[in-house]
K.L.:
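Got a structure for you, questions after.
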Amino acid sequence: MTEIHKSYEDYLKAIYLISKGNKGGWTSNSEISNYLNFKPSSVTHMLYNLKENGLITWKPRKSLRLTKKGKEVALKIIRNYNCLSKFFSYVLKLNNKSVIHKLSCEIEHHLNPEVSNALENLVLEY
């Protein structure tokens, strides 16, 4: 998979998490705007970029959902986040949930598949 910008990954992760609770996996610009606390116009601009890169199915002023490629990216980022969160909690024994969340969110984008797999195997032991 080609390199995808961190901001795209953040949006894809948000869309996936929002859409899990929605019928058919569809979500709206306003739901994304509220979830990420961004202006609707900023979200709309990003949606054009995500659509252009084949990561979402969307028409302006309509609901959207992830493409297969978009879902794969979202799931990869969520997997990385979960592994990092477990690593900081169980292996490093950090207790501050805010610090764990912040670190996991910052690092989740930088793991290559080899590191991601090794981290997942490590935290599976806990």
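Heavy-atom basis, side chains included; hydrogens, waters and symmetry copies ignored.
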K.L.:
Flag the pair Lys76 and Glu9 as a salt bridge only when some basic side-chain nitrogen lies within less than 4.0 angstrom of an acidic carboxylate oxygen.
P.N.:
yes

K.L.:
Should Pro60 and Tyr48 count as side-chain neighbours, where that means a heavy-atom distance under 4.5 Å?
P.N.:
yes

K.L.:
Determine whether Ser89 and Ile100 make a side-chain contact, defined as any pair of heavy atoms from C-beta on separated by less than 4.5 Å.
P.N.:
yes

K.L.:
Does any part of the side chain of Tyr8, heavy atoms only, come nearer than 4.5 Å to the side chain of Met46, both counted from C-beta?
P.N.:
yes

K.L.:
Pair Tyr81, His101 - check side chain to side chain contact (heavy atoms under 4.5 Å, CB included), show working.
P.N.:
CA-CA 8 Å; Tyr81 173 89; His101 174 72; 2.8 Å; yes

K.L.:
Mind checking the CG-CZ spacing from Asn96 to Phe88? Nearest 0.5 Å is all I need.
P.N.:
12.0 Å

K.L.:
How long is the straight-line distance from CG of Leu50 back to NE2 of His45, given to the nearest 0.5 Å?
P.N.:
10.0 Å

K.L.:
Contact between Lys13 and Cys105 at the side-chain level, heavy atoms closer than 4.5 Å - yes or no?
P.N.:
yes

K.L.:
Would you check if the side chain of Glu106 reaches a backbone N or O of Leu103 as a donor-acceptor pair within less than 3.5 Å?
P.N.:
no

K.L.:
State the CD1-NE2 distance between Ile77 and His109, to the nearest 0.5 angstrom.
P.N.:
5.5 Å

K.L.:
Just verifying a value: how many Å separate Lys69 NZ and Leu12 CG, rounded to the nearest 0.5 Å?
P.N.:
10.0 Å

K.L.:
Using atom types as modelled and distance alone, determine if a side-chain donor or acceptor of Ser19 lies under 3.5 Å from a backbone N or O of Ile15.
P.N.:
yes

K.L.:
How many angstroms lie between atom OG of Ser104 and atom CD1 of Ile78, to the nearest 0.5 angstrom?
P.N.:
13.0 Å

K.L.:
Measure the CD-OG distance between Glu120 and Ser116 for me, rounded to the nearest 0.5 Å.
P.N.:
6.5 Å

K.L.:
Minimum heavy-atom separation for Trp58 and Ser63, please, with both atom names.
P.N.:
CD1-O, 3.8 Å

K.L.:
Flag yes if Val43 and Trp26 sit in one hydrophobic cluster, no otherwise; membership is Ile, Leu, Val, Met, Phe, Trp, Tyr, and two members link when side-chain heavy atoms are under 4.5 Å apart.
P.N.:
no

K.L.:
May I ask you to test the Glu31-Ser28 pair for a side-chain heavy-atom distance under 4.5 Å?
P.N.:
yes

K.L.:
Go through the steps for Ile32 and Leu47 under the test side chain to side chain contact (heavy atoms under 4.5 Å, CB included), then give the verdict.
P.N.:
CA-CA 10 Å; Ile32 299 165; Leu47 295 179; 4.2 Å; yes

K.L.:
Just by modelled atom types, is the Asn29 backbone N or O under 3.5 Å from a matching donor or acceptor in the Ser33 side chain?
P.N.:
no

K.L.:
Would you say Leu84 ends up clustered with Leu92 if hydrophobic residues are merged whenever their side chains have heavy atoms under 4.5 Å apart, either directly or through other cluster members?
P.N.:
yes

K.L.:
Please identify each residue that fulfils side-chain hydrogen bond (donor to acceptor under 3.5 Å, both in side chains) with Lys51, with sequence neighbours left out.
P.N.:
none

K.L.:
Looking at every non-hydrogen atom in both residues, tell me the closest pair between Ser7 and His5 and how far apart they are.
P.N.:
OG-ND1, 2.9 Å

K.L.:
Does the pair Glu108/Arg79 count as a salt bridge with the N-to-O cut at 4.0 Å?
P.N.:
no

K.L.:
Using the test side-chain hydrogen bond (donor to acceptor under 3.5 Å, both in side chains), find all partners of Lys6 that sit at least two apart in sequence or belong to another chain.
P.N.:
Asp10

K.L.:
Donor-acceptor pair, distance only, cut-off 3.5 Å: does the side chain of Thr27 make one with the backbone of Ile18?
P.N.:
no

K.L.:
What verdict does the side chain to side chain contact (heavy atoms under 4.5 Å, CB included) test give for Asn82 and Val123, after you've listed the backbone C-alpha separation in whole Å, the side-chain angles of each residue and the deciding distance to 0.1 Å?
P.N.:
CA-CA 10 Å; Asn82 290 336; Val123 298; over 6 Å; no

K.L.:
Check whether any side-chain N or O of Asn53 sits under 3.5 Å from a backbone N or O of Leu55 as a donor-acceptor pair, and report yes or no.
P.N.:
no

K.L.:
Which of parallel (below 30°), tilted (30 to 60°) and perpendicular (above 60°) describes Tyr11 and Phe38?
P.N.:
tilted

K.L.:
If you take all heavy atoms of Thr67 and Gly54, which pair is closest and at what distance?
P.N.:
OG1-O, 2.7 Å

K.L.:
Between Asn22 (side chain) and Gly25 (backbone), is there a donor-acceptor pair under 3.5 Å?
P.N.:
no

K.L.:
So does Pro40 get a backbone contact from the side chain of Thr44, meaning a donor-acceptor N/O pair under 3.5 Å?
P.N.:
yes

K.L.:
With Tyr16, which residues qualify under side-chain hydrogen bond (donor to acceptor under 3.5 Å, both in side chains), at least two apart?
P.N.:
none

